[in-house]
Asks: 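Below: one structure in structure tokens.
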Amino acid sequence: MSYYSRRSYWQYALYFFALAVYCIDGSFILPENDPPTTAPKFLSRGHLYKVIVGETIELPCKVQNLGSFVLLWRKGSSVLTAGHLKISRDQRFKIVGDYNLQINGVKTQDAGDYICQLGDQENRDQVHTVEILVPPTLRALPHNGQVTARKGSTVTLECKASGNPVPTIFWFKKDVFSGPTHLSDSSTLILENVDRHHAGTYQCSADNGVKERVSMDIQLTILSPPEITVEKSWVHAAEGYDVELVCIVHGDVSSEMLWYQNSFLLDPTDRRSMYPRDDRYSLIIRNFQPTDFGNYSCVADNALGRTKKYIEVSGRPGPADFISPALSGFLDHYNLTWAIESVPPLDEIKLLYRRLLMNETYQHPGKWHEYHIKPTPIRTDGSHYLMSYVVKNLEHNAVYEAIVQAKNKYGWNEISDIHQFYTRNHDLLLDIDMEYKMGVSSNNRIVPTICGIILCIFALVFNPIIST
């Protein structure tokens, strides 16, 4: 149907509608063929309205000099109102004010163009466009929010969102310590070659700017052979003391833990106990005996495999732990300080040091100098010693390396890690000395000033008395 045909259609419709109303109550005045002296004029303008689903909207239609003409509200071909008479059966539509159209509890199907039409000779109209905003909703796949996968596989987590405008999806991994970590901005999250570190709670969130962001959690469980970490791979022990060995098992499949000493399976005894606590498994040996020294292993089994880790229990001293600062306070000597774990007394200390020749592009170690020291350590607690030794006759502004080895009645310990230290240079000492002298000079200047102030106060206070 052409535009002019549509206009003729609405002209006839308005005419017959007016005639019908007149026949009912005789109160309606038919539009005359001759135009009024002053033509009707729209005061309001067409506009785009955005409204959230469920809310109420009011569409204005203000006309000046309406006279006896009829204002018709329609949506598409459906007539909603004519004048103040409601045509639509939908109770949510009504005329308020003069001829404004109010829609209560808007629904998604209410979106579209609403036309306020003037029933004059020209059938002029005003168009309002209504867009319905819908808050985001989410649906996780799978629906129960639980995903289980084997170690090494690829996992796809998916969330579907709906709403208007189209929501944006964000993926996070929850962490009780560091908080959520942002991972992706798409509907799917792909995790490849998963391991136990991928296990946890993943959250997908949807946001489109309408009301609040919505979120859903997906719990990912990784099935794998047990993974073991040991609290200490080397444990110092002594006769008569209690010793605890700890293995930590990672994985969500329950594992059975077995303990071995030198490849022999261990059973609980009056001196030996095994305690599981969550993922932490302990072997406690009380009143340690010489036969208890050796290599221990913890073995974890589950349906997917077996894992073993080793712990050495020895009476030898632990490796030296250096605690002295790297930079010496002197030109030609350095105070080397270290701590050693050992319950039995130390019998001998071996100290080796060497100079390291180096520049920006070159590094060459010198010859080791070896010293055997008779221990005079300070015991800090029942199992640790603190020792110190001054290395003399060093070059200034030089780099050195040192290692330490200790012996008790059970033998020598492992050689320590290399400790690198530096001697000072002349310029640095001159700077420090200059700062010191300047500080003394400043203090010397302050003293006379203070004394002068005191003398002035004395003169001001006691001069009148002396004069009298």
Side-chain angles (χ1 to χ4, degrees), residues 1-22 27-135 163-167 208-211:
M1 180 181 295
S2 68
Y3 173 76
Y4 294 104
S5 300
R6 287 195 301 269
R7 290 188 62 186
S8 299
Y9 169 80
W10 287 113
Q11 281 181 325
Y12 285 118
L14 284 171
Y15 183 83
F16 285 114
F17 172 77
L19 181 61
V21 173
Y22 177 78
S27 62
F28 191 84
I29 302 175
L30 294 177
E32 301 175 1
N33 292 328
D34 296 330
T37 56
T38 305
K41 178 183 177 182
F42 282 108
L43 298 180
S44 55
R45 293 184 178 181
H47 188 70
L48 170 64
Y49 291 90
K50 295 183 179 182
V51 59
I52 299 175
V53 64
E55 294 184 351
T56 297
I57 187 173
E58 184 175 323
L59 306 178
C61 188
K62 295 184 179 180
V63 179
Q64 188 179 39
N65 301 321
L66 179 61
S68 59
F69 291 101
V70 177
L71 282 180
L72 182 75
W73 275 104
R74 62 185 177 87
K75 181 188 177 188
S77 60
S78 299
V79 178
L80 304 176
T81 65
H84 286 90
L85 184 65
K86 197 177 92 164
I87 306 302
S88 173
R89 294 183 179 181
D90 194 329
Q91 298 301 317
R92 298 178 301 118
F93 293 88
K94 67 178 181 179
I95 295 296
V96 295
D98 290 334
Y99 293 99
N100 295 343
L101 178 65
Q102 185 181 85
I103 310 173
N104 296 311
V106 296
K107 302 177 181 179
T108 54
Q109 58 266 32
D110 294 330
D113 292 338
Y114 288 80
I115 302 167
C116 177
Q117 188 168 1
L118 183 62
D120 60 0
Q121 297 294 334
E122 301 178 8
N123 274 349
R124 289 174 293 167
D125 57 28
Q126 185 174 98
V127 180
H128 296 299
T129 301
V130 175
E131 180 181 347
I132 308 300
L133 304 179
V134 181
N164 184 43
V166 177
N208 65 353
V210 182
K211 293 191 175 180

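Atom set for the values below is all heavy atoms of this structure, side chains included, hydrogens, waters and symmetry mates excluded.
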Asks: Output the distance between atom CD (Glu58) and atom NZ (Lys94), rounded to the nearest 0.5 Å.
Replies: 9.5 Å

Asks: Closest heavy-atom contact between Val70 and Gly83?
Replies: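 So the minimum-distance heavy-atom pair works out to CG1-N, 3.8 Å.
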
Asks: Give a yes or no answer on whether the side chain of Asp98 reaches the backbone of Pro60 with a donor-acceptor pair at less than 3.5 Å.
Replies: no

Asks: A side-chain contact here means heavy atoms from C-beta on lying under 4.5 Å apart; do Val51 and Val130 qualify?
Replies: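 They are in contact (side-chain heavy atoms under 4.5 Å apart), so the answer is yes.
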
Asks: Can you list the residues that meet the ring-ring contact (aromatic ring centres under 6.0 Å, His included) rule with Tyr99, with sequence neighbours excluded?
Replies: His84

Asks: So do Pro167 and Val210 actually touch side chain to side chain, heavy atoms under 4.5 Å?
Replies: no

Asks: Rounded to the nearest 0.5 Å, how far apart are NE2 of His128 and CD1 of Ile57?
Replies: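 Here the interatomic distance stands at 9.0 Å.
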
Asks: Take Arg92 and Asp110 through the test side chain to side chain contact (heavy atoms under 4.5 Å, CB included) and record every step on the way to the result.
Replies: CA-CA 11 Å; Arg92 298 178 301 118; Asp110 294 330; 2.7 Å; yes

Asks: For Gln126 and Ser44, indicate whether the former's side chain and the latter's backbone hold a donor-acceptor pair under 3.5 Å.
Replies: yes

Asks: If you round to the nearest 0.5 Å, how far is CG of Asp125 from CD1 of Ile115?
Replies: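 Between atom CD1 of Ile115 and atom CG of Asp125 there are 6.0 Å.
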
Asks: Counting distance only, does the side-chain N/O of Lys75 pair as donor-acceptor with the main-chain N or O of Ala111 below 3.5 Å?
Replies: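 The answer is yes, because a donor-acceptor pair under 3.5 Å joins these two groups.
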
Asks: May I have the step-by-step check of side chain to side chain contact (heavy atoms under 4.5 Å, CB included) for Ile87 and Arg74, ending in yes or no?
Replies: CA-CA 10 Å; Ile87 306 302; Arg74 62 185 177 87; over 6 Å; no

Asks: Counting only heavy atoms not in Lys86 (residues, nucleotides, ligands), do more than 12 fall under 6.0 Å from its NZ?
Replies: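 Above 12, so yes.
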
Asks: What closest approach, in Å, do Ile95 and Thr81 show between heavy atoms, and which atom pair accounts for it?
Replies: CD1-OG1, 3.5 Å

Asks: Ignoring hydrogens, what is the shortest heavy-atom contact between Thr108 and Val134? Give both atom names and the distance.
Replies: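 It is CG2-CG2, 3.7 Å.
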
Asks: For the residue pair Glu55 and Leu133, establish whether any side-chain heavy-atom pair is separated by less than 4.5 Å.
Replies: no

Asks: Under the disulfide (SG to SG under 2.5 Å) definition, can you give me all pairs with a residue in residues 55-90, not counting sequence neighbours?
Replies: Cys61-Cys116

Asks: How long is the span from the CD1 atom in Ile132 to the CG atom in Asn164, to the nearest 0.5 Å?
Replies: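 Result: 9.0 Å between the selected atoms.
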
Asks: Could you walk me through whether Leu43 and Val63 satisfy the side chain to side chain contact (heavy atoms under 4.5 Å, CB included) test, starting with their C-alpha distance in whole Å, then the side-chain angles of each, then the deciding distance to 0.1 Å, before giving a yes or no?
Replies: CA-CA 5 Å; Leu43 298 180; Val63 179; over 6 Å; no

Asks: Rounded to the nearest 0.5 Å, what's the gap from CD1 on Ile103 to CG on Leu59? Could you check?
Replies: 5.0 Å

Asks: Quick one, Thr56 and Gln102 - any side-chain contact, counting heavy atoms below 4.5 Å?
Replies: yes

Asks: For Pro165 and Asn208, work out which heavy atoms get closest and say how close.
Replies: O-ND2, 2.9 Å

Asks: Could you check whether any side-chain heavy atom of Phe69 comes within less than 4.5 Å of a side-chain heavy atom of Leu118, counting everything from C-beta outward?
Replies: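 Counting from C-beta outward, Phe69 and Leu118 do come under 4.5 Å.
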
Asks: So, taking the atom named NZ in Lys41 and the one named CD in Gln64, what distance separates them when rounded to the nearest 0.5 Å?
Replies: 6.0 Å

